[in-house]
Amino acid sequence: MRKQFLDSGGGVVDSDGGVFVGIFWVLDLGILIWWWIDEDEMFDDFVMADINGCWSGSATILPGGKPVMLYTGIDPSERQVQNLAMPKNLSDPYLTEWIKYPKNPLMLATPMNRINGSAFRDPTTAWLGPDKLWRVLVGSRDNRGGVAYLYKSKDFNHWALAEEPLHSVEGTGMWECPDFFPVKTDGFEGLDTSTRGKRVKYVLKNSLDETKHDYYTIETYDVVKDKYFPDKGMVEGDAGLRYDYGKFYASKTFFDDEKKRRILWGWTNESSSVKDDVLKGWSGIQAIPRSVWLDKSGKKLLQWPVKEIKKLRENQVNWPSKILEGGSKLEVIGVTAGQADVEVSFQVSDLKNVEVLKKKHYNPQLLCSKKSASVRGGLGPFGFLTFTSNCLREYTTVFFRIYNHQNKHKVLMCSDQSRSSLNKNNDNTTYGAFVDLDPAREKLSLRSLVTF
C-alpha cells in the first residue's frame with residue numbers, strides 16, 4: 001500500500017508501507033489563507049533534472065506579476081540540483097498547472113565550485129538588488145559548517161555562483177530551507193523581499209538538519225558587497241533564537257502584498273512512531289500560519305496566528321475570573337467542538353515565594369524536563385491541561401513557572417508531554433522557553449489552538 005506523508009517545505013513524501021520512496025510537489029489552494037482545496041500533482045511532466053524527486057522550493061513574483069518557482073530536484077546521479085518552473089496558464093486564478101523550464105537544472109554542484117551535491121537544496125524566494133540582478137540563496141554545508149550559497153541572475157534563467165556565500169557558520173551542520181527577508185524597524189507591516197531602506201533590518205533563518213530546529217539572526221545586510229553581518233549579541237546555531245521551541249521545522253515565510261504582512265509557515269512532525277503513522281494513513285501537518293514582525297527592541301521577532309483564524313470561531317465559552325489555589329484543578333465545561341481556540345490569562349499578586357536560579361545560564365527545555373508539571377515550586381506550575389483522559393492518566397500540560405534570576409523575575413513556559421500518552425512508542429519530549437515579560441507589571445497570557 002502506498003501512502004503520502006507531508007514533508008518539510010511543502011513537498012509530499014511518497015511512502016510504500018512507511019518506507020521512504022520519493023518526494024513530489026502537490027498544490028494546496030488557499031482561500032482567505034485558511035480554507036484549502038487539495039489538488040493533484042502540480043507538475044505532470046518529469047525531466048532528467050528531477051527524475052528522482054522534486055524537493056522544497058520557493059516562489060518569486062517577477063515584475064508584471066508573473067510567479068515562478070525555484071525548487072530542488074534529484075537528478076539521475078542522485079545530485080541535488082536547482083530547477084525552475086512556471087505557471088502553464090496565467091489566466092487560471094489558482095495556477096493549478098505548472099511547466100518545467102526545458103533547460104533545467106540552473107544551479108548544480110561541479111568539481112569547479114566544490115559544492116557538496118548531496119547537501120545542496122531549498123532555494124529561497126529571490127530578491128532584486130540595486131544592480132538589477134536577482135539573488136537567491138541555496139542551503140548547504142561544507143563539512144560541518146552551514147552555508148547559504150548566493151547566486152545571481154539577470155534574467156532568472158541563467159544563474160552564476162557568487163564568489164563568497166552570503167553567510168556561513170562553522171559547527172552548525174547542514175542548513176536546510178534557508179529564508180532571508182527584510183523587516184521594518186518601526187512597525188508591524190511586512191515588506192517585499194526586495195525592499196531596501198534605512199529603517200529596515202534583515203532576518204536570516206536556517207533549519208538545522210542535525211537538531212531539527214529553526215534558528216534565526218537579525219542583522220545588517222550590505223546590499224553592495226552582498227554580506228550579512230549579525231547584530232551584536234546574536235547567537236549563531238542551535239543556541240540562538242528560534243521561531244518556535246516545540247515541534248516546528250523547515251519553515252518558510254512569504255510577503256502578503258494585499259494585507260502588507262509577512263506570514264510564516266512551518267512543518268510539525270508526529271509524536272507517534274512510523275509504524276503507527278502508517279496505520280493512521282497520514283503523518284505531519286503544516287502548523288497554523290502566523291504573522292511575523294520585528295519587536296520594538298530590534299532584537300527578536302514577534303509572531304501571532306493570522307487573524308483569519310478568528311473567522312472559524314463560534315459557540316464561545318466564557319469563564320469569569322477565578323482565584324487558583326495551590327494544587328487545584330478547575331474543569332472548563334461547555335466545550336464540545338472538535339477544535340478549540342483557547343485564550344487564558346494569569347495575574348500574579350504575590351511574587352515573594354519565587355524560586356531562585358543560581359546559575360548564570362540555563363537551558364529552558366532541560367529545566368522544563370526537570371521541573372515537570374508534577375513538580376510543585378515556589379510559584380508554579382500554573383497553566384492548563386488538555387487532551388485529558390477521564391481518569392487523568394493521560395494529559396498534556398502547558399504551564400508557567402516564575403523564578404528569580406540575577407535579581408530579576410524570569411518566566412519559564414513549558415509544554416509537558418511526559419504524560420500525554422500511555423503508548424511508550426510515542427515521543428513524549430517536554431519543550432520550553434523563557435518568556436520576556438515582567439509578571440509584576442504584566443499578565444501572563446496564553447493562547448493555544450487545540451484539535452481534539
Quick check: closest heavy atoms across [X] and [Y], and the distance to 0.1 Å?
| X | Y | answer |
| --- | --- | --- |
| Leu161 | Leu150 | CD1-O, 3.6 Å |
| Asp92 | Glu97 | OD2-N, 4.5 Å |
| Pro87 | Pro67 | CD-O, 3.0 Å |
| Thr124 | Lys252 | CA-NZ, 4.1 Å |
| Val68 | Leu62 | CG1-CD1, 3.7 Å |

query = Any donor-acceptor pair under 3.5 Å linking the side chain of Lys212 with the backbone of Asp209?
reply =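 Side chain of Lys212 to backbone of Asp209, a donor-acceptor pair under 3.5 Å: yes, one is there.
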
Are the charged groups of [X] and [Y] less than 4.0 angstrom apart, N to O?
| X | Y | value |
| --- | --- | --- |
| Lys227 | Asp222 | no |
| Glu189 | Arg262 | no |
| Glu210 | Arg141 | no |
| Arg135 | Asp131 | yes |
| Lys201 | Asp231 | yes |

Which distance, rounded to the nearest 0.5 Å, do you find between the [atom1] of [X] and the [atom2] of [Y]?
| X | Y | atom1 | atom2 | value |
| --- | --- | --- | --- | --- |
| Ile74 | Gln80 | CD1 | CD | 4.5 Å |
| Phe248 | Trp265 | CZ | CH2 | 10.5 Å |
| His213 | Leu241 | NE2 | CG | 14.0 Å |

request  = With Lys100 as the cation and Trp98 as the aromatic partner, state whether NZ or CZ is under 6.0 Å from the six-membered ring centre and within 45° of the axis.
outcome  =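 No; the conditions do not both hold, so Lys100 does not lie above the ring face of Trp98.
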
task = Could you point out which residue of Tyr149, Tyr151, Phe120 forms a side-chain contact (heavy atoms from CB on, under 4.5 Å) with Gln82?
result =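 The side-chain contact (heavy atoms from CB on, under 4.5 Å) with Gln82 is passed solely by Phe120 among Tyr149, Tyr151, Phe120.
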
Option passing side-chain contact (heavy atoms from CB on, under 4.5 Å) with Leu412 (candidates Tyr362, Phe434, Phe400) = Phe434

task = Over 60° means perpendicular and under 30° means parallel, so classify the ring planes of Trp127 and Phe180, tilted if in between.
result = tilted

inquiry  = Can a side-chain donor-acceptor contact be found between Asn428 and Ser420 if the only test is distance below 3.5 angstrom?
reply    = yes

ask   = Do Tyr71 and Asp50 have side-chain N/O donor and acceptor atoms under 3.5 Å apart?
value = yes

query = Which of these passes ring pair (Phe, Tyr, Trp, His ring centres under 6.0 Å) with Tyr221: Phe229, Tyr202, Phe181?
reply =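 So, applying the ring pair (Phe, Tyr, Trp, His ring centres under 6.0 Å) to Tyr221 and each of Phe229, Tyr202, Phe181, only Tyr202 qualifies.
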
Centroid separation Tyr395 to Phe387 less than 6.0 Å =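 Between Phe387 and Tyr395, which both carry aromatic rings, the centre distance is not below 6.0 Å.
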
request  = Kindly say whether the aromatic ring centers of Phe346 and Phe382 come within a distance under 6.0 Å.
outcome  = yes

